[in-house]
Amino acid sequence: MSIESLLRERFSQAIGLAFGSQFANDPMVKPGDPKFADYQCNAALALSRQLGRSPRELAAEILRHLEIADMCELPTIAGPGFINVRLSTAWLSAQLGDLLADSAAKARGGVKWTTEQSTVVVDYAGPNIAKEMHVGHLRSSILGDVIARILAFVGHEVVRQNHVGDFGTQFGMLIRQAGDLKLDTGELPRISDLDSYYKQAAERDKNDPQFAAEARQAVVALQSGDPEALRLWRWIREESRRHCREIFALLNITLTQADERGESFYSHRLPEVVQLLSAALAFDGDGSRVEEARESEYVTKAFVTQSQGALCVFLPGYVDKDKKPLPLIIRKGDGAYLYATTDLAALYFRIIEDKTTPEETAPLDHNWHADRIIYTTDARQAQHFAMVFDTIRAAHWDINPVTRRPVVLQHAAFGSILGEDGKPFKTRSGETVKLRELLTEAVQRAETVVREKNPDLPVAARELVARAVGISAVKYADLRQDRTTDYQFSWDRMLALEGNTGPYLQYTFARIRSILRKAGTKLPPSVAINLSTPQERDLGRRILQFNDVIEAVLHDLKPHYLCTYMYELCGSFSSFYENCPVLQAATPEIRQSRLALSELAGMVLNIGWHDLLGLELLEEM
RNA sequence: GCGCCCGUAGCGCAAUUGGAUAGAGCGCGUGGCUUCGAACCACGAGGUUGCAGGUUCGAGUCCUGCCGGGCGCACCA
């Protein structure tokens with residue numbers, strides 16, 4: 001049930017009747033300032049220029065054709081021509097009653113299934129093997145996972161992809177280093193050891209030309225399938241996977257082994273992809289036009305050519321610091337491929353390729369032919385993805401081979417995590433902060449808080465609570481902020497018990513559950529919802545807005561809308577809790593109505609917090 | 001230098017994409033527990049939205065120019 005789309009329909013119809021359907025496309029309905037209205041329609045203001053009449057006059061005209069008495073109080077015109085609408089209490093009650101009676105809708109918090117089901121690839125997390133996961137992976141992992149969860153919740157076929165860095169130049173160093181250490185490949189190393197080998201190898205690579213040369217040879221050996229190099233590589237990868245599984249489990253990230261498809265997966269496809277791409281951008285096979293394009297000052301059409309020894313894609317609109325055309329390099333001078341090539345190959349795989357083996361189709365059991373692909377990586381890669389997407393479009397590889405429609409390519413970029421000093425988040429000694437250690441600290445700090453606030457909680461329960469509170473606080477603090485901005489990490493703020501924080505929301509849920517436990521009886525499916533106090537009305541209206549919030553989140557890929565909504569829902573519930581006794585309500589009817597409101601609020605929180613944000617809720621804390 | 005992003009209350013952030021008197025939170029001040037969990041609620045103070053122009057009935061939001069900050073800009077990912 002979507003309040004906004006219902007109102008949109010009503011207003012569109014009225015506008016169409018009043019002025020003609022060509023003006024009724026966008027009735028400009030949005031939630032209003034609560035001081036004036038639940039919703040407002042601003043169409044009259046927008047139409048005034050087109051129609052050459054005063055907005056207030058047009059608003060009055062719209063009202064004459066508006067049929068809305070079943071949902072709303074009498075609409076009013078305010079200011080320059082806003083139409084204010086207040087939902088009628090009777091209508092709200094009826095909607096809540098319907099939601100309660102329809103067990104399927106209730107289990108979804110009233111969120112509708114999508115009417116345009118599509119296959120969406122969400123590419124996120126993407127850690128490097130041989131390195132411990134660090135804060136740099138945090139935002140990508142949790143934002144990507146939430147986006148994937150919400151898309152799946154409304155009914156899209158979601159393909160999660162963990163594009164792990166497992167085949168780049170750096171593995172040459174690592175294999176070379178492993179050779180020196182004469183590592184026993186019989187038993188798994190520890191990830192922390194791998195991490196330090198990595199640092200040592202990088203150091204040697206920088207300072208020892210002999211080592212660097214041998215490292216490059218090791219890359220060649222690896223890519224050509226040398227058994228010893230492969231054996232070391234698999235050994236490293238195995239431990240890395242174990243480590244990632246552990247972190248994903250702690251963070252409740254839904255990625256599984258079936259979702260992992262690293263750079264190595266695409267490595268053998270790269271020569272072919274480069275060839276196909278060159279052909280696709282060959283200007284209908286007319287090589288002379290490539291020459292012409294290369295000579296010209298500005299790039300007017302995408303083409304592939306050798307430049308300074310490297311194979312490059314040149315695209316319109318990209319220039320370097322000297323205003324010269326900026327290439328997307330797809331093959332280095334030494335013949336090796338880079339991440340741009342792998343990204344292009346991955347896009348080709350996700351959109352175009354027919355898949356033959358179960359390994360290829362996983363995690364689905366059929367061809368993908370993605371309709372939409374979302375990358376959750378940091379904002380610094382914006383230009384890279386813009387170029388990769390433009391390349392794909394120039395080659396017409398963005399056309400879905402089944403539907404013939406363009407694939408939606410989106411970079412859901414996010415800002416950096418900063419320390420409390422506003423500079424990039426590092427440990428005191430300047431090292432990157434490891435996720436394992438960060439999460440351990442979160443749980444420890446949460447335990448201190450829990451011990452203080454609820455000393456009577458048994459130790460075993462306290463540990464569970466501390467874990468749920470600590471991990472959720474870290475994730476929620478990140479998710480509640482607009483992803484596009486840098487985010488300042490602060491233990492004190494995220495673990496605060498008041499304000500828009502994880503602990504506050506969890507506490508509110510625990511209070512809801514506490515009431516429902518004490519009430520004992522199960523609610524009958526049919527309950528008359530009474531919204532006679534302002535707090536009940538406010539809570540009821542908010543519950544019914546859940547669907548609209550989910551739509552907004554998916555429209556902008558911004559989970560913080562959902563966080564703000566749930567925080568406000570909790571605020572509404574707290575006010576309700578304060579002013580409206582539930583268990584000791586004046587009459588059995590009101591008691592039942594208030595129990596129902598509590599249950600619906602708890603239901604929405606459970607879906608939003610647990611199912612969509614992937615956070616833990618607690619019956620008691 | 002070129003390009004992208006950002007600048008909102010003391011602090012960290014919102015503002016449904018051009019709509020009303022810019023909102024909550026933390027912190028500060030005041031009031032509320034013999035009633036469902038006070039980890040809560042209610043009330044108050046706090047703003048020239050970096051600066052200056054422009055477009056518009058209407059600008060935190062769009063355009064131009066400054067000031068300040070971040071990031072990216074050829075073989076790393």
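Convention: sequence-line order gives letters A, B, ...; per-chain numbering from 1.
With salt bridges taken as basic N to acidic carboxylate O contacts below 4.0 Å, none links A:K199 and A:E203. Salt-bridge formation is not detected for the pair A:E620/A:R513: no Lys NZ or Arg NE/NH1/NH2 atom is positioned less than 4.0 Å from an Asp or Glu carboxylate oxygen. For A:K131 and A:D195, the salt-bridge test fails: no basic side-chain N is under 4.0 Å from an acidic carboxylate O. Ionic pairing of A:R483 and A:D378 is not present here: no N-O contact between side-chain nitrogen and carboxylate oxygen is shorter than 4.0 angstrom.
A:L418 places its CG atom 14 Å from the C1' atom of B:G7, with the value rounded to the nearest Å. The CD1 atom of A:I330 sits 15 Å away from the P atom of B:C76 (whole-angstrom rounding). What separates CG of A:L479 from C1' of B:C13 is a distance of 15 Å, to the nearest Å.
Here the side chain of A:C312 is nearest to one of B:A15, B:A74, B:U17, namely B:A74. You'll find that the side chain of A:K323 is closest to B:C2, out of B:C2, B:C73, B:A14.
Not a single side-chain hydrogen bond (donor to acceptor under 3.5 Å, both in side chains) links A:N162 to another residue, sequence neighbours left out. Under the ring pair (Phe, Tyr, Trp, His ring centres under 6.0 Å) criterion, A:Y266 pairs with A:H163, A:F349, sequence neighbours left out. Residues passing the side-chain hydrogen bond (donor to acceptor under 3.5 Å, both in side chains) test with A:N128, sequence neighbours excluded: none.
Judged by a 6.0 Å distance limit and a 45° cone about the ring axis, A:R261 is positioned over the six-membered ring of A:F265. Stacking of A:R493 on the aromatic ring of A:W491 is not recorded, the 6.0 Å distance cut-off and the 45° axial limit not both being met.
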Might you list the N or O atoms of the protein lying below 3.5 Å from N or O atoms in nucleotides 56-59 of chain B, with each pair's distance?
none

When you compare the protein's N or O atoms with those of nucleotides 33-37 of chain B, which come within less than 3.5 Å of each other, and at what distance?
| residue | atom | partner | partner atom | Å |
| --- | --- | --- | --- | --- |
| B:U35 | O2' | A:Q584 | OE1 | 3.2 |
| B:C36 | O3' | A:K518 | NZ | 3.0 |
| B:C36 | O2 | A:V582 | N | 3.3 |
| B:C36 | O2 | A:L583 | N | 2.8 |
| B:C36 | N3 | A:V582 | N | 2.9 |
| B:C36 | N4 | A:Y577 | O | 2.2 |
| B:C36 | N4 | A:C580 | O | 3.1 |
| B:G37 | OP1 | A:S514 | OG | 2.8 |
| B:G37 | OP1 | A:K518 | NZ | 3.1 |
| B:G37 | OP2 | A:K518 | NZ | 2.1 |
| B:G37 | O5' | A:Y577 | OH | 3.4 |
| B:G37 | O2' | A:Y507 | OH | 2.9 |
| B:G37 | N7 | A:S514 | OG | 3.4 |
| B:G37 | O6 | A:M621 | N | 3.3 |
| B:G37 | N1 | A:M621 | O | 2.9 |
| B:G37 | N2 | A:M621 | O | 3.1 |

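Using a 4.5 Å cut-off on side-chain heavy atoms (C-beta onward), A:Y39 and A:K30 make no contact.
Here the CG atom belonging to A:N530 is positioned 9.0 Å from the CG atom belonging to A:L597, to the nearest 0.5 angstrom.
Remark: ring of A:F82 stacked against base of B:A20; centroid gap under 5.5 Å, plane tilt under 30°.
If you check distances only, the side chain of A:S575 never reaches the base of B:A42 with a donor-acceptor pair under 3.5 Å.
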*asked:* Counting primed atoms plus P, OP1 and OP2 as sugar-phosphate and everything else as base, spell out the protein contacts along nucleotides 22-31 of chain B at 4.0 Å heavy-atom distance: B, S or - for each nucleotide, 5' to 3'.
replied: -SSSS-----
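Mapped onto RNA chain B by nearest heavy atom, A:T508 and A:D486 fall at different nucleotides, with A:D486 at the one closer to the 5' end.
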